[in-house]
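Below is one structure, written out as structure tokens; the observations come after it.
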Amino acid sequence: MSAKAERLHLRLNEQQKALLEAASHAAGDSVSTFVLKAATEAAADVLADRRVFLLDEDAWRVFDEALQSPAQDVAGLRELLAGPTVLDPPAEGAAR
């Protein structure tokens with residue numbers, strides 16, 4: 001393991017600091033160790049769903065067949081995606 005040379009500075013409010021101090025004390029870690037461990041685990045979880053997924057042989061075959069099959073139209077999908085969304089500004093005179 002390489003020496004730690006990088007720093008990460010955080011700003012937090014009094015309640016957040018107290019919570020992290022209490023949790024790190026309960027875990028038997030320093031605040032820095034506790035925060036680094038929790039943040040690293042959370043980051044790995046977020047990225048795992050985007051990089052790796054495991055399938056058994058049958059599930060892989062079904063997945064691969066789905067990838068190889070031609071695209072299909074889904075009834076109403078084009079109209080749904082072409083229409084206005086809740087994020088679009090309302091049309092003039094329309095009620096919200």
Side-chain angles (χ1 to χ4, degrees):
M1 180 179 264
S2 63
K4 295 178 183 176
E6 299 299 319
R7 292 177 92 53
L8 181 64
H9 299 278
L10 300 171
R11 293 199 182 273
L12 56 156
N13 64 37
E14 192 175 314
Q15 292 83 12
Q16 291 169 322
K17 183 177 180 185
L19 179 64
L20 291 173
E21 288 173 339
S24 64
H25 179 75
D29 289 329
S30 68
V31 174
S32 292
T33 299
F34 179 82
V35 169
L36 181 59
K37 190 184 307 181
T40 303
E41 289 172 2
D45 287 346
V46 166
L47 295 175
D49 287 342
R50 290 166 174 77
R51 295 187 298 183
V52 176
F53 60 99
L54 304 174
L55 300 173
D56 63 28
E57 197 169 323
D58 289 336
W60 176 258
R61 182 183 44 75
V62 170
F63 176 71
D64 189 49
E65 287 172 3
L67 289 177
Q68 301 304 321
S69 66
Q72 298 177 6
D73 280 336
V74 175
L77 185 59
R78 287 185 195 281
E79 294 78 17
L80 176 66
L81 295 176
T85 72
V86 296
L87 300 176
D88 293 327
E92 286 192 33
R96 264 202 160 198

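Small disclaimer: the values here were computed from a predicted structure and weren't measured. These numbers come from the heavy atoms of this one structure, side chains and all, not from hydrogens, waters or symmetry mates.
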Check your understanding: How would you list, by chain and number, every residue that makes a side-chain contact (heavy atoms from CB on, under 4.5 Å) with Thr40, sequence neighbours excluded?
Key ->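 Partners of Thr40 by the side-chain contact (heavy atoms from CB on, under 4.5 Å) criterion, ordered by chain and then number, come out as Leu36.
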Residue pairs passing the side chain to side chain donor-acceptor pair (under 3.5 Å) test with at least one member in residues 5-14, sequence neighbours excluded, are none
Candidate pair Leu12 and Leu20, rule side chain to side chain contact (heavy atoms under 4.5 Å, CB included), full reasoning: CA-CA 10 Å; Leu12 56 156; Leu20 291 173; 4.0 Å; yes
Here the salt bridge (Lys or Arg N to Asp or Glu O under 4.0 Å) pairs for residues 24-36, sequence neighbours left out, are Asp29-Lys37
Please report the closest heavy-atom contact between Ser24 and Val31, naming both atoms and the distance.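 Scanning both residues, the minimum pair turns out to be OG-CG2, 3.3 Å.
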With sequence neighbours left out, the residues meeting salt bridge (charged side-chain N to carboxylate O under 4.0 Å, His left out) with Arg78 are Asp73
N/O donor to acceptor pairs below 3.5 angstrom from side-chain atoms of residues 56-70, sequence neighbours left out:
unit_1: Asp56; atom_1: OD1; unit_2: Asp58; atom_2: N; d: 3.2
unit_1: Asp56; atom_1: OD1; unit_2: Ala59; atom_2: N; d: 2.8
unit_1: Ser69; atom_1: OG; unit_2: Ala66; atom_2: O; d: 2.9

The side chain to side chain donor-acceptor pair (under 3.5 Å) partners of Ser32 (sequence neighbours excluded) come to none
